[in-house]
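I have placed the structure first, in the form of structure tokens, so that the comments after it can refer back to it.
First listed ligand is number 1; within each ligand, the first listed atom is number 1.
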Amino acid sequence: MNVYADNAATTAVSQAALDAMLPCFQDIAGNPSSLHSPGQRAAEKLEEAREIFARRLHASPREITFTSGGSEADNQALRSAAALGARKGKKHIVSTKFEHHAILHTLTALEREGYEVTLLDIPPDGVVTAQQVKDAIREDTCLVTVMFANNEIGTIQPIAEIGAVCREAGVLFHTDAVQAAGHLPIDVEEMKIDLLSLSAHKFHGPKGVGVLYVRRGIPLVNLIYGGAQERGKRAGTENIPGIVGAAAAFDEACANMEKNAAYLTPLRDKLIAGLTAIPHSILNGDAQRRLPGNVNACFEGIEGESLLLLLDAKGIAASSGSACTSGSLDPSHVLLALGRPHEVAHGSLRLSLSEYNKPEEIDYILEVLPGIVQYLRDMSPVWDELEQGQRPHII
Ligand SMILES: *Cc1c(COP(=O)(O)O)cnc(C)c1O
């Protein structure tokens, strides 16, 4: 059996998104900046897509900018808020230790440019509190950026509460909602979000398309200069097929959100129960306040990489955490921030489901996984020492 359980890394394009995209490759192939009819037909498609995102986020179309993905949206959001802060002499930014690298590495670059960054600690349940944010805000804070849902452990942050704290303090609030968009309700008005990033390929849209929501009145800085596309804030001929597919996927995901969550939550909980029944394992992140499709656990005495290879040999595509740090042997910064010791963080497994997964696939994972963990432990000298009592079990 083949099981794709890495939907937090990327998803397959939905049929609805593909159907919406296909005409845009040949029949509607004009440049939206052109004045002729083919160009204007493409421009209409572009604006229809913008309206879909605006409606679903409770924003207005003018507040929606299309980018090349979540990473670009994150970069542009942070640089825009930082530039605005600098104009007022405010160069302090509050974020968290478990953000995506698109945020963390942008913050590192801003630090080199003279900004000061406070990264909040991650509580043991993987949920940052609004009080932590409140305590970290200073006179010179220009921006708070806290992710909506974590991409590795799936925990959901109290975004509305954090938004209220920021609005009260007069500080801009950005959220990287890449993992949340299409999976959790988002209302930028009610949640007092000033800037928000999302990415199409995390909700069955195409890769290479992102959205940046920016509240009216907040000026964007350009990352890319050139033509007047996206009201002069993001140059380059628009990726019409991609943007149209992104909007169709988002519309579909939002329309089916409750149904998908109701389908996925019991599958997730079954996986959690099965994984944590393996001795010396631990769930990462709160069991309830997490994305409906996210499971992340550590197994003592094994290497996550070996586990992934053996799962792949059984047809199961999973992850040890983030696709972006795979390839490096460093343990996940998210699990370290959560307080897992290095040797435990190395033995992590993330299974991320979508509504395309079938219940039989969950049974299959639970059928093969315990044996693979045992096989790896039997080969491990570290496990031997743990079992002989030469070193204490940590989990
Ligand atoms: C995937 C992801 C990104 C990056 O989005 P891309 O479209 O791949 O650039 C940013 N933040 C989070 C939380 C993600 O999961």
Measure [X] to ligand 1 on non-hydrogen atoms and call it side chain, backbone, both or neither using the 4.0 Å cut-off.
X	result
N150	neither
S71	both
M147	side chain

With a 4.5 Å heavy-atom cut-off, do R79 and E113 have their side chains touching?
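Heavy-atom side-chain distance check passes, below 4.5 Å.
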Donor-acceptor under 3.5 Å ([X] side chain, [Y] main chain):
X	Y	answer
R167	D194	no
S80	Q76	yes
T108	L104	yes

Atoms in ligand 1 with a heavy atom of [X] nearer than 4.0 Å:
X	answer
G69	7 (O)
H201	6 (P), 7 (O), 8 (O)
D74	10 (C), 11 (N)
K202	1 (C), 2 (C), 3 (C), 14 (C), 15 (O)

Please walk me through it: do I193 and D187 pass side chain to side chain contact (heavy atoms under 4.5 Å, CB included)?
CA-CA 8 Å; I193 297 166; D187 182 332; over 6 Å; no
For the pair K91 and E111, find out whether any cationic side-chain nitrogen is under 4.0 Å from an anionic carboxylate oxygen.
no
Look at K88 together with D140 and state whether they make a salt bridge at an N to O cut-off of under 4.0 Å.
no
With nothing but distance in play, are any N or O atoms of E72 less than 3.5 Å from an N or O of ligand 1?
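No, there is no polar N/O contact under 3.5 Å.
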Do any nitrogen or oxygen atoms of G70 lie less than 3.5 angstrom from nitrogen or oxygen atoms of ligand 1?
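Between G70 and ligand 1, an N or O pair is found under 3.5 Å apart.
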